[in-house]
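One structure below.
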Amino acid sequence: MDKDFFMNAGIPPPQPLQFETTMPVPWTGLSCPPEQSFLDPHSSMDHHYSNFESALSSMVSSPAAAAAATSGLSNEAFVLRELIGKLGGAGSSPAFPPPATTTTTTTSPFNDSSYRTPLGSPKLQLPFLDQMNMPNLGTSLPPAPPPLPALSSDPGFAERAAKFSCFGSRSFNGRTSPFGVNNAELGHRSNTTLMGNGKLPRVSSSPALKQGGSPLENKNSGQPGMEIKLVNGLEKKLSKLSGSGASSNEESSVSEQIPSGENGPKTSNEMSSRKRKAVSRAKSKENGPNSAKVTGKALMLDEIINYVQSLQRQVEFLSMKLASVNPGLDFNMDNLLSKDQMFPQNAALPQQMYPLDSSAPTLYHHQPQQNVQQFHDTTNASTAGPLSQCSVDPLPLGVQLPSADGFSESLPQFPAFSEDDLHSIVHMGFVNFPVNQPSDTRVER
Amino acid sequence: MKIAKNPHTNPTSIKTRFALRFLRAIDKLNNNNNIISTPSPLNSADRRRRCRAIRAAAYASMAFAVGPNKAWSRAVLRKIRNRTKEMIKPRTRRGAVRGTINPRNELGLGQEKELRELVPGGEAMDFRRLLNETGHYIQCLRAQVQVMRKILHYSST
């Protein structure tokens, strides 16, 4: 792995103009250390560190040659963040203020010496950095124009960068929504590779490791980290209050980063400040006496309530956006699902949700057809496809839930379709569809 | 006990299930609108209605994806069912059944009550259970937000 490092470090210099494309290459060499460094912070850190510096020097030389002031600054930000992420794995360290000052030197990209000296100490106090300096870094960066989309347009690079940079984008904040969402997606994808290893760091009281493993954020850099800490605190608190180990499940299954959402900056700022308070309280609470616990519980509840409210607000906001985006769109699910790595096509329908296994694949395969044919294909009438689609039809027509979902045994049956819904279905061409026989829906599905 | 599978590759994860249902629901919404031949909802009333519809679809899809194992998902499904029943046979709305709030944990700040109001089905369970449900509810909300964001992203590109 060290060899990889040196190899990759040697590659970038020759093409200064293609700075964006050469950027990914050295990072690939860096892809190995984070996981190792998180798990073995003390033993291998210095090793990685020297490799890091050599890679960094090679990278530094190429952007200096590129002399792209705009991209230089943003890359500086990138590099900074990745370095911070790296060094965060080391655990304890003195504070790391100098990069905040180096970033403000916007005129010179990659001031080699000044950049390197703070990194000379392989220790980085990440929580401190996270809470204090990332805002500084973030606020010092805004003057940079948005060349970042150019950088991240290479998906591989973006993914790798997301893997390392722990704080992402206070500076990326609010640039373009696709970009932001892109980051969220990246954050989502790349996070699990680190989080998969990271149950132990997450549970441990050092959020430093966890922060180091966090992927690129798309909004407030401080907030998502805070949210993770909040959830950690919440789950610890839940386990204490409820006295059960069930909450640890929640912790283990929470493997994704929390995108902080697209609320207005006001709400997210107040959320982040509240969460910072919550985190500190949660930490103190665990060591505090009983009396402090009582008051801490109230504050914790406050935080929980705020968090749930913010999530619900985000859902509302996103649904509003979807509503405005969608109408003209032919929502080609097949396209979406194939594009989106999250939803592998071959196992699109989880078996437990559909008691008739044979119908499940047909259901899925009928979807794109239905999209194209606009429900006028009467052959679809016999399949349960449209029925499943009719399952969640909210307010105007009344929601009818297909009764044959996996838990039909536990829930009492209810009339499958309202009159309006059935009429609309009939309109769609399902002449043969039995309008008033809900039992058929069960059978067909 | 749940084994933490990687949701990116786990086809039966909540996210997958939710996304599938939600996409289908949106599809149906779109198709309904197209067939009933409403113009594209540029006017605010239509958009608001559509927004509410999508939001309801999101919650319903999530409740479905979660299944009946959790109290809050059951409550959501019950609510949906009741709403549709009311649409079929409009009748006077019954008063909500309020479970006894455990005074043991009441801190006098109204937070517990607030939390109960936030989490669906929170009225009728004790505090301990409420906290567990809240934890799971938060996870599902987060997954929901992520999926919706992705859908938005993909549909706009």
Side-chain angles (χ1 to χ4, degrees), chain A residues 178 181 184-185 188 192 238 241-242 246-247 249-250 252-255 258-259 298 301-302 304-305 308 311 314-316 318-329 331 333 336 339-344 347 350 375 389-390 392-395 398-400 407 410-411 414-415 418 424 428, chain B residues 1-2 4 6 8 11-12 16-17 19 21 23-28 30-32 35 40-41 47 50-58 60-61 67-68 80-81 84 87-88 107 109 111 114-115 118 128 131-132 134-136 138-139 141-142 144-146 148-150 152-157:
Chain A
V181 180
E185 166 213 342
H188 181 79
T192 56
L238 286 179
L241 288 173
S242 64
S247 55
N249 281 346
E250 283 140 1
S252 59
S253 55
V254 172
S255 53
I258 310 172
L301 280 180
D302 253 340
I304 297 171
I305 288 171
V308 170
L311 282 175
Q314 282 180 33
V315 167
E316 177 130 13
L318 284 171
S319 68
M320 196 175 63
K321 271 198 155 187
L322 278 172
S324 56
V325 159
N326 267 342
L329 270 170
F331 216 60
M333 253 192 356
L336 285 171
K339 259 201 278 182
D340 192 348
Q341 313 264 331
M342 278 173 59
F343 312 113
F375 290 97
Q389 284 199 352
C390 299
V392 190
D393 182 13
L395 295 170
V399 177
Q400 297 298 343
F407 45 92
S410 55
L411 293 179
F414 48 90
S418 67
S424 64
M428 294 178 206
Chain B
M1 293 295 166
K2 250 195 273 184
N6 184 352
H8 296 150
T12 61
T16 315
R17 303 204 297 264
R21 290 186 161 277
L23 287 172
R24 260 183 254 139
I26 292 186
D27 257 334
K28 178 158 186 291
N30 284 340
N31 289 327
N32 279 348
I35 287 172
S40 63
R47 199 183 302 148
R50 205 181 136 75
C51 165
R52 278 197 300 261
I54 288 186
R55 189 187 65 206
S61 312
I80 295 172
R81 235 182 296 138
T84 60
M87 293 195 66
I88 296 171
L107 295 171
L109 297 175
Q111 292 153 331
E114 233 183 302
L115 191 57
L118 277 179
R128 176 179 293 199
L131 287 180
N132 280 336
T134 306
H136 189 262
I138 286 178
Q139 283 182 46
L141 275 181
R142 279 163 54 189
Q144 189 172 337
V145 163
Q146 285 171 1
M148 286 174 78
R149 207 174 267 144
K150 261 202 202 198
L152 188 67
H153 169 59
Y154 277 127
S155 67
S156 59
T157 55

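Just so we're clear, the structure is a prediction, and the values are computed from it rather than from any experiment. In what follows, chains are A, B, ... by sequence order, proteins preceding strands, each numbered from 1.
- For the pair B/I54 and A/S319, the tightest heavy-atom approach, listed with the atom from each and the gap, is CG2-CB, 3.6 Å.
- The structure places CE of A/M320 at 10.5 Å from CG of B/L152, a figure rounded to the nearest 0.5 Å.
- The side-chain heavy atoms of A/I304 and B/I138, taken from C-beta on, include a pair separated by under 4.5 Å.
- With contacts defined as side-chain heavy-atom distances shorter than 4.5 Å, the pair B/L131/A/L301 qualifies.
- The two residues A/L322 and B/R50 come nearest to each other via the heavy atoms O-NH2, 4.1 Å.
- Considering CD of A/Q314 and CZ of B/R142, their distance stands at 10.5 Å, rounded to 0.5 Å.
- Considering all non-hydrogen atoms of both residues, B/R149 and A/L318 come closest at N-CD1, 4.0 Å.
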